[in-house]
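In what follows, every chain begins at residue 1, and chains take the letters A, B, ... in the order their sequences are listed. The shown structure was predicted, so the numbers you read here are calculated from the model rather than taken from an experiment.
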There are 2 protein chains.
Amino acid sequence: MAVSLAEIRESHAAAFSAACPTRVVLDHVMSKWGILVLLTLGDGTARWGELRRGIDGISEKMLATTLKTLEGDGLVQRTSYPEVPPRVEYALTALGHDLMLRLGPLMEWIAVHADQMVGTAASD
Amino acid sequence: MAVSLAEIRESHAAAFSAACPTRVVLDHVMSKWGILVLLTLGDGTARWGELRRGIDGISEKMLATTLKTLEGDGLVQRTSYPEVPPRVEYALTALGHDLMLRLGPLMEWIAVHADQMVGTAASD
DNA sequence: CAGAATCCCCTATGATACTG
DNA sequence: CAGTATCATAGGGGATTCTG
């Protein structure tokens, strides 16, 4: 194997201190809806309604909160058009896009192995 | 660019349905402490006390809960030695190790970009 | 259509004390 | 040392209603 876990861990040692901003970002990105929103936005742009309908089970409140958080982190960009039927579009920023690239393989792995994990679905 | 976000999203479409086990695993792995514990275990084996001291800010309860969850998911293996001074060692399973390999690059990216994100540290 | 504001519930998270 | 049990709390998260 080429990648040493010890190396990985060492390089992220900072994350183990409670004050590290990594902790915060981790909490935002890894939050229940964070990833789903980011993933949905991966397409390019999405409108509020699209996001709400696209992410099964998300409430308006959580969508709003999550979007604000991600926007505050500079991962998502919000653009509102001053039209009569209000239209707002959300899109990934360059930073967000970059992050998604790292998230992709992980999501893939999880999707593949999710049903292997015992804790998720009772085998009995 | 070689990787299309649309492709990424498409391949994880299942994650958007609330019932998908991916959601559960996501919640476990991406939970506040999940990653930290997995990361700490990356070294090989760690004892209860080591984990508790190694992860800044985690409470006993949360450590216990997180460990059980991850153990239930088959990501972590618990081994207790029937000695007089109780000794228990936790280690990543093959599955957990595999997961960590995917988590590494992500953690790295986050660690590097964390301070770029506005929402994490007040500039004022 | 987009979202802000409210009310409410439940679970995640914590601090502490207790036990094998 | 390695947990478990208990109690308490904050905030995540949901449903509903209201406004621009």
Side-chain angles (χ1 to χ4, degrees), chain A residues 15-20 23-38 40-41 45-73 76-91 119-120, chain B residues 16-19 23-38 40-41 45-73 76-91 119-120:
Chain A
F16 290 97
S17 56
C20 182
R23 282 279 190 93
V24 182
V25 177
L26 220 47
D27 269 21
H28 290 182
V29 175
M30 316 309 247
S31 74
K32 184 181 180 74
W33 305 111
I35 293 189
L36 283 320
V37 170
L38 288 175
T40 306
L41 287 178
T45 46
R47 301 182 52 173
W48 168 273
E50 291 183 284
L51 289 171
R52 190 159 76 103
R53 283 186 297 275
I55 304 173
D56 190 30
I58 196 170
S59 68
E60 299 191 339
K61 181 180 181 180
M62 279 305 99
L63 180 54
T65 303
T66 305
L67 282 172
K68 278 183 189 169
T69 301
L70 296 178
E71 196 190 344
D73 287 341
V76 168
Q77 185 189 10
R78 188 192 115 116
T79 313
S80 74
Y81 299 85
E83 304 174 353
V84 176
R87 189 172 110 241
V88 179
E89 291 192 336
Y90 293 90
T120 61
Chain B
F16 290 98
S17 55
R23 282 280 189 92
V24 182
V25 177
L26 220 48
D27 269 21
H28 290 182
V29 175
M30 318 309 246
S31 75
K32 186 181 180 74
W33 304 111
I35 294 189
L36 283 319
V37 170
L38 288 175
T40 305
L41 288 178
T45 46
R47 301 182 51 172
W48 168 272
E50 291 183 285
L51 289 172
R52 190 157 77 105
R53 283 186 297 275
I55 304 173
D56 189 31
I58 197 170
S59 68
E60 298 191 339
K61 181 176 183 179
M62 279 305 99
L63 180 55
T65 303
T66 304
L67 281 173
K68 277 183 189 169
T69 301
L70 295 178
E71 196 190 345
D73 287 341
V76 167
Q77 186 188 10
R78 189 194 114 117
T79 312
S80 73
Y81 299 85
E83 305 175 351
V84 176
R87 189 171 111 242
V88 178
E89 291 192 336
Y90 293 90
T120 61

At 4.0 Å (heavy atoms only), tell me whether [X] reaches a base, stays on the sugar-phosphate, or touches nothing.
X	value
A:P86	base
A:Y81	nothing
A:R47	sugar-phosphate

How close do A:W48 and A:E60 get, heavy atom to heavy atom, and via which atoms?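 Taking A:W48 first and A:E60 second, the nearest heavy atoms are CH2-O, 3.7 Å.
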Tell me if a side-chain donor or acceptor on B:S31 pairs with a main-chain N or O of B:H28 at a distance below 3.5 Å.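 Indeed, once roles are kept as given, a pair shorter than 3.5 Å links the two residues.
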Looking at A:E50 and A:R47, would you say the former's side chain and the latter's main chain have a donor-acceptor pair under 3.5 Å?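 Side chain of A:E50 to backbone of A:R47: a pair is present.
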Could you state the atom-to-atom distance from [atom1] of [X] to [atom2] of [N] in whole Å?
X	N	atom1	atom2	answer
A:K32	D:dG12	NZ	P	13 Å
A:L67	D:dG13	CG	P	14 Å
A:W33	D:dG11	CH2	C1'	16 Å
A:I58	C:dA2	CD1	C1'	14 Å
A:H28	D:dG12	NE2	P	9 Å
A:R52	D:dA15	CZ	C1'	12 Å
B:I55	C:dG14	CD1	C1'	15 Å

From C-beta outward on B:Y90, which listed nucleotide comes closest to its side chain: D:dG3, C:dG3, C:dG14?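 The answer is D:dG3, which lies nearest to the side chain.
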Heavy atoms from C-beta onward define the side chain here; which of C:dA15, D:dG13, C:dA2 lies closest to that of A:W48?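 Of the options given, the side chain of A:W48 lies nearest C:dA2.
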Please name the residue in the list A:L41, A:T69, A:T66 that meets the side chain to side chain contact (heavy atoms under 4.5 Å, CB included) test with A:V76.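 Going through the options one by one, the only one that passes is A:L41.
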Please tell me if A:K68 has a side-chain N or O lying less than 4.0 Å from either OP1 or OP2 of C:dG3.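 Checking C:dG3 against A:K68, no side-chain N or O comes under 4.0 Å of OP1 or OP2.
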Could you say whether A:G49 or B:K61 is positioned toward the 5' end of DNA chain C, judged by the nucleotide with the nearest heavy atom to each?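 Of the two residues, A:G49 wins.
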